[in-house]
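Model, not experiment: these values are computed from the prediction.
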Amino acid sequence: MTGRPGDPGARRGAVVAVLEKRGRFFLATPFFEPGRRLTVQRDGGARAGDLVALRLGRGQPRVERVLGRPEVARDVIHALMVDRGVRRGFDPAVEHEAGAAARRIRRRDLRALPTFTVDPATARDYDDAISAQELDAGRWRLWVHIADVAAHVAVGSRVDREAYRRATSMYVPGGAEPMLPPALSTGACSLLPGQERAAVTAEMEMEGASVTRAAFYRSTIRSDERLDYDWVDRVFGGGERARDPWAAPLAAARAAAAALADARTDRGALTVESAEPEFSFDAEGNVVGARQVAQSESHLLVEHLMIAANEQVAALLEQRRVPTLYRVHEQPEPQSVRRLADQLASLDVPTPPVPERMSPRQAGEVVGEVSSMVAAHVRRVGRGGLALTSLVLRALRQARYSPRNLGHAGLRSPRYCHFTSPIRRYPDLVCHRGLLSAVGAGEEAPRAEGLEEAGEWTSSRERVAMEIERDADAVAACFLLERELFEVGWDHAFEGEVVGLAPAGAFIRFGEAHEGLLAVRRMRGDWWELNDLGTILHGTRSGGALRLGDPVSVRVLRIDAPRGRVDLLSA
């Protein structure tokens with residue numbers, strides 16, 4: 001395990017600013033945060049109005065590079081990543097090393113096995129592929145093929161050190177910053193259709209939802225088809241016809257995933273129904289549309305099969321005491337679950353009986369039941385999903401990576417790891433190396449003494465990436481909102497719902513991807529106070545109430561696109 005680099009999440013990156021010309025001088029005004037204007041030396045082709053990264057040091061600041069224009073959404077998102085310390089692109093030495101051929105390793109030839117991938121339509125890297133076969137009624141054989149990144153990335157190599165430094169790929173609207181150089185992430189390690197690829201295969205036999213046998217080995221595969229989620233959902237809905245050779249394997253995988261889903265529901269796994277915004281851009285980098293992508297049957301098919309593979313890998317690593325990184329999700333604090341039940345009760349959302357005294361394990365069981373009841377309530381009333389799901393998630397501890405197996409409370413799994421995405425997550429690569437050492441497939445086991453630090457580092461990098469991705473979504477949504485208001489006018493009223501509350505006001509989700517703050521100081525005619533549970537704003541004069549999940553009509557007052565902020569007024 002390589003040494004821990006300085007945490008770019010704990011510092012800012014380059015100073016990002018906008019250039020303006022004043023007489024003979026160029027001034028740079030900080031773009032994302034307030035700050036004093038700087039007189040700068042203009043380098044290269046930088047011109048007034050450009051978005052630039054500044055190099056600070058002794059003497060006058062200099063323009064390090066031009067990042068684009070502040071009115072172009074894709075350029076602003078790129079600048080946001082630079083501002084947050086994300087290194088864009090790879091050192092030439094790392095790229096050169098990534099282009100080298102993989103080690104020659106003995107593999108099982110699975111090229112004749114019908115195989116397919118299922119990913120978002122916009123995906124460029126394909127970690128996982130699936131093969132499936134129905135043995136007889138209620139019995140299946142599944143093959144989960146994962147890109148063999150360990151064959152391309154040697155321990156301690158330049159690529160390995162850079163992958164550890166990044167720890168995760170970062171996906172933002174209109175682009176990505178991968179953990180591995182493109183020669184690997186979208187090339188040699190990506191399970192592209194029609195291409196022979198090195199994989200690590202988890203072969204599982206299932207009877208009902210029980211895995212009766214599991215084997216792991218290095219393989220050579222060739223994907224027959226690249227399916228996307230929308231296409232698979234149309235197949236499942238009868239709108240598209242499945243084709244040979246992947247039609248029968250897809251049907252078998254669907255049946256096996258359904259059995260796994262039922263079993264996970266029965267054991268009380270957390271139910272979280274979510275949707276993520278997907279933005280579309282024109283050729284100039286402007287946001288032109290968005291849609292909410294909800295978890296559908298195709299998403300859940302892949303999710304359940306990947307969970308099964310991850311559980312089997314974790315079980316083997318634990319059984320053989322091979323050092324690795326587990327994905328752990330500790331049981332919630334009983335007081336957090338009790339507060340969650342009180343919050344939901346204040347909103348008239350049904351909850352199960354909550355014991356007066358709970359162990360952490362009982363708290364985990366209760367919150368699993370709560371999550372199912374919340375999902376059912378949202379489906380019944382048709383609103384409140386974002387707000388209520390957020391309450392459930394805040395009652396939980398945060399999942400993280402650790403060399404100690406502490407179980408996964410959300411999945412109700414006694415042992416769990418991340419094995420299925422080594423192109424984009426470093427802990428998965430650690431698990432691959434551990435697994436391949438355990439089955440005698442030519443890798444050395446990770447060294448135990450470095451794993452505690454690795455778990456902390458990769459967990460922190462995951463949190464930083466999630467924050468940047470969330471902020472980039474907000475920036476893209478702001479640019480799209482400006483475009484929409486140009487077409488419909490600033491007086492246009494939007495229908496939305498309350499997704500969050502704070503003493504300062506209500507956060508309103510509206511449109512396909514927009515969210516803004518309706519400040520209490522702009523809610524005329526009353527004095528509003530937030531209740532102790534954080535679920536209701538009470539009007540102290542009128543007796544009115546604004547609750548999480550309530551519908552509300554709003555107009556846009558102000559948009560601050562670089563900061564992803566929208567101020568609202570009641571319509």
Side-chain angles (χ1 to χ4, degrees), residues 261 264-276 292 294-296 300 329 331-399 409-412 495-510 515 517-518 520 523 528-540 542-554:
R264 291 194 179 105
T265 299
D266 291 343
R267 76 189 191 196
L270 200 66
T271 301
V272 177
E273 297 181 358
S274 62
E276 298 291 335
Q292 288 291 326
Q295 276 197 321
S296 62
L300 294 174
H329 188 205
Q331 300 287 356
E333 295 285 352
Q335 59 266 32
S336 298
V337 176
R338 194 170 292 110
R339 176 178 172 82
L340 170 63
D342 291 341
Q343 289 175 313
L344 295 173
S346 75
L347 298 169
D348 301 319
V349 178
T351 60
V354 178
E356 187 64 31
R357 294 185 178 180
M358 285 186 291
S359 67
R361 182 176 183 83
Q362 288 173 312
E365 294 170 354
V366 170
V367 82
E369 191 174 353
V370 166
S371 70
S372 296
M373 296 180 74
V374 164
H377 172 82
V378 169
R379 287 192 292 270
R380 185 171 61 255
V381 303
R383 57 184 174 82
L386 282 172
L388 300 181
T389 298
S390 179
L391 290 180
V392 172
L393 293 177
R394 285 205 296 268
L396 305 174
R397 295 191 182 188
Q398 193 165 36
L411 294 171
R412 304 288 293 162
E495 298 303 315
E497 68 176 52
V498 180
V499 296
L501 291 172
F507 294 94
I508 311 298
R509 176 61 63 94
F510 60 99
E515 186 173 312
L517 176 65
L518 178 59
V520 291
M523 295 165 63
W528 297 88
E529 292 183 351
L530 184 64
N531 68 344
D532 292 339
L533 293 170
T535 56
I536 305 172
L537 277 171
H538 288 288
T540 59
S542 67
L546 191 61
R547 300 148 43 104
L548 288 174
D550 277 357
V552 62
S553 296
V554 293

### Task
Would you sort out whether E515 and V499 count as a side chain to side chain contact (heavy atoms under 4.5 Å, CB included), showing the intermediate values?
CA-CA 9 Å; E515 186 173 312; V499 296; 3.8 Å; yes

Any donor-acceptor pair under 3.5 Å from [X] side chain to [Y] backbone:
X    : Y    : result
R509 : G496 : no
R339 : L533 : yes
E497 : G384 : yes
S390 : L386 : no

If I compare all heavy atoms of [X] with all of [Y], which pair ends up nearest, and what's the gap?
X    : Y    : result
P503 : V520 : O-CG2, 3.7 Å
A341 : V354 : CB-CG2, 3.7 Å
R338 : M358 : NH2-CE, 3.7 Å
L546 : A506 : CD2-CB, 3.8 Å
P334 : P360 : CG-N, 4.1 Å
S553 : E495 : OG-OE2, 2.7 Å

### Message
Just checking R383: does its CZ atom have more than 12 heavy atoms from other residues, nucleotides or ligands closer to it than 6.0 angstrom?
### Response
yes

### Query
Counting heavy atoms not belonging to D532, are there more than 12 under 6.0 Å from its CG?
no

### Task
Dump the intermediate steps for side chain to side chain contact (heavy atoms under 4.5 Å, CB included) on Q295 and E273, then the final yes or no.
CA-CA 7 Å; Q295 276 197 321; E273 297 181 358; 5.8 Å; no

Approximate separation, where rounding is to 0.5 Å, of [X] [atom1] and [Y] [atom2]:
X    : Y    : atom1 : atom2 : value
L537 : R547 : CG    : CZ    : 12.0 Å
W528 : L518 : CH2   : CG    : 9.5 Å
L548 : L501 : CG    : CG    : 4.5 Å
E365 : Q331 : CD    : CD    : 8.0 Å
L396 : H329 : CG    : NE2   : 4.5 Å
L300 : R264 : CG    : CZ    : 10.5 Å

#### Entry: Any side-chain heavy-atom pair of P355 and V366 under 4.5 Å
yes

### Message
Please enumerate all residues that pass salt bridge (charged side-chain N to carboxylate O under 4.0 Å, His left out) together with R267, with sequence neighbours excluded.
### Response
E311

#### Entry: Step-by-step side chain to side chain contact (heavy atoms under 4.5 Å, CB included) determination, L340 to L391
CA-CA 7 Å; L340 170 63; L391 290 180; 3.9 Å; yes

### Task
Verify side chain to side chain contact (heavy atoms under 4.5 Å, CB included) between I508 and V498, making sure each step is shown before the conclusion.
CA-CA 5 Å; I508 311 298; V498 180; 3.8 Å; yes

Donor-acceptor list for residues 344-351 side chains, cut-off 3.5 Å, not counting sequence neighbours:
from: S346; atom 1: OG; to: Q343; atom 2: O; distance (Å): 2.6
from: S346; atom 1: OG; to: T535; atom 2: OG1; distance (Å): 2.8

